[in-house]
Undergrad: 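Got a structure for you, questions after.
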Protein chains: 2
Amino acid sequence: MFNTDAALDKAVRLFWQRGYDATSMADLVAETGVAAASLYAAFDNKAGLFAAVIERYAATFSVHLYAPINDPALSTFEAVKGLLERAASSFSEPGTPAGCFMYSAAAAVSPASAAIECLLRDKRIAAEALLIERLQRGAAQGELAANADPAVLGKFINTVMEGMSVQARDGATINELLSIAKMALDRWPAAV
Amino acid sequence: MFNTDAALDKAVRLFWQRGYDATSMADLVAETGVAAASLYAAFDNKAGLFAAVIERYAATFSVHLYAPINDPALSTFEAVKGLLERAASSFSEPGTPAGCFMYSAAAAVSPASAAIECLLRDKRIAAEALLIERLQRGAAQGELAANADPAVLGKFINTVMEGMSVQARDGATINELLSIAKMALDRWPAAV
DNA sequence: ACCGATAAAGAACGATCATTCAATAATCAA
DNA sequence: TTGATTATTGAATGATCGTTCTTTATCGGT
């Protein structure tokens, strides 16, 4: 078989930039250099290819973005700070399309592609749940103010990240994104 | 001529939900009940129709959303609070597609539709500039802390709004959005 | 009632869409 | 080397895309 990972890397860029509906199989063939029939043999159809692209993005980009959340050596604040700072730099990284694939690749799709939208939505919700769990662990260890609600705080942090992705798509620089991240962290409910 | 505003209202919903590329002329014909040739006579082409849809959305929705920013009776804080609260309620309004049209209708499009993306981006950037101007006016009148940067604060508020739109698309309730808005308004840099 | 002008629509256009088929090239056990 | 299997592809599929052409209604002025 052809090098599926290399092809997926190319496909990730394309879907990232143009979104699901606006990326045609002809585009994917031109970008990957793999014939359409071969892509179908490997991934069944466009939706299957996109599902594989999601997993490839998660393995190569999301893992790095969310690394601070899973790093046991970091305090809860440091973990969230690391997450937002990585978002700022990766969303504005010149070598990749701006913003986050998970947020913009299927922002608005046709009813025929509703299943695709769900795939990404589930990933977004799972990532938010991961963040909230980390905050709950921090709260259990007394790192957060007593009146702080980890669920609301997590949703807030996640919302800022999602907004940062739109900002990056509109041309925000890494420094602007870092300023936004810093301001979000100003709201941090540290234990007294 | 047919009732263009009524047709545009229908078209707004369709583009709002599905985005530019995923909304076909056939969809628009079915939804508006106006024949394709008539739509072309009135708006030239799909891009022209979309441009008219943008203006229709701005006149019927954005105006209401940004009303607090232009209300001279409100303090700067009240204006921003009103903006975020209106975002929370309108983004989750059951009668309309979730989120904000300006943020999601052309989040990711094909290179052929790049001009469409620019149209919406310009609207987003103009709205952000409007918010920042309001904050600068507040700063000039001593409503903000001396070390507060209106440009950064405005970008932050705007980022939260953009994130709230993604949250709404993913099913966030009005109460969840209000909690997010409330957290964004915490530690407001009020003058001492 | 009639007529020129305007508005609306049905049917067709070539282009492109995702997908598949038939045929070729590469691989490997024997 | 041979033969069966697998991998790969160019070409063709019907469907749908945005767009336009031609024809049919509609309408205000005389």
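Order of the sequence lines fixes the chain letters, A, B, ..., with proteins taken first and strands second; residue numbering starts at 1 for each chain. The shown structure was predicted, so the numbers you read here are calculated from the model rather than taken from an experiment.
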Undergrad: dT9(D) phosphate, OP1 or OP2: any side-chain N/O from Ser38(A) under 4.0 angstrom?
TA: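 The answer is yes; a side-chain N or O of Ser38(A) sits under 4.0 Å from OP1 or OP2.
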Undergrad: Using only atom types and a distance under 3.5 Å, with no angle test, would you say the side chain of Glu93(A) pairs donor to acceptor with the backbone of Ser90(A)?
TA: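 The answer is no, because no donor-acceptor pair under 3.5 Å joins these two groups.
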Undergrad: For Gln167(A) and Glu162(B): C-alpha separation, side-chain torsions, deciding distance, then whether side chain to side chain donor-acceptor pair (under 3.5 Å) applies.
TA: CA-CA 8 Å; Gln167(A) 287 283 331; Glu162(B) 288 163 343; 3.1 Å; yes
Undergrad: Regarding Glu133(B) and Arg137(B), does a basic nitrogen lie under 4.0 Å from an acidic carboxylate oxygen?
TA: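 So Glu133(B) does not pair with Arg137(B) through a salt bridge.
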Undergrad: Extract, from 5' to 3' on DNA chain C, the first and final nucleotides lying under 4.0 angstrom from some heavy atom of chain A.
TA: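 Listing 5' to 3', DNA chain C meets chain A from dC17(C) to dC21(C).
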Undergrad: Please report the C-alpha distance between Trp188(A) and Phe156(A) in whole Å, then the side-chain angles of each, then the deciding distance to 0.1 Å, and finally whether the ring-ring contact (aromatic ring centres under 6.0 Å, His included) criterion is met.
TA: CA-CA 11 Å; Trp188(A) 186 263; Phe156(A) 171 73; 10.0 Å; no
Undergrad: Run the ring-ring contact (aromatic ring centres under 6.0 Å, His included) check on Phe101(A) and Phe50(A) step by step: do they pass?
TA: CA-CA 12 Å; Phe101(A) 169 89; Phe50(A) 189 77; 5.8 Å; yes
Undergrad: Between Glu31(B) and Arg13(B), does any NZ, NE, NH1 or NH2 come within less than 4.0 Å of an OD or OE carboxylate oxygen?
TA: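 Salt bridge flag = no for Glu31(B) with Arg13(B).
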Undergrad: Once you measure the plane-to-plane angle for Tyr20(B) and Phe15(B), does it fall in the parallel (<30°), tilted (30-60°) or perpendicular (>60°) bin?
TA: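 Parallel.
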Undergrad: Collect all protein-nucleotide pairs involving nucleotides 17-23 of chain D in which both atoms are nitrogen or oxygen and the distance is under 3.5 Å.
TA:
| unit_1 | atom_1 | unit_2 | atom_2 | d |
| --- | --- | --- | --- | --- |
| dC17(D) | OP1 | Ser24(B) | OG | 3.4 |
| dG18(D) | OP1 | Thr23(B) | O | 3.4 |
| dG18(D) | OP1 | Lys46(B) | NZ | 2.8 |
| dG18(D) | OP2 | Met25(B) | N | 2.7 |
| dT19(D) | OP2 | Tyr40(B) | OH | 2.6 |
| dT19(D) | OP2 | Lys46(B) | N | 2.9 |
| dT19(D) | O5' | Tyr40(B) | OH | 3.2 |

Undergrad: Please determine if Asp186(A) and Arg187(B) form a salt bridge, counting it only when a charged side-chain N lies under 4.0 Å from a carboxylate O.
TA: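 Looking at Asp186(A) and Arg187(B), the cut-off is not met.
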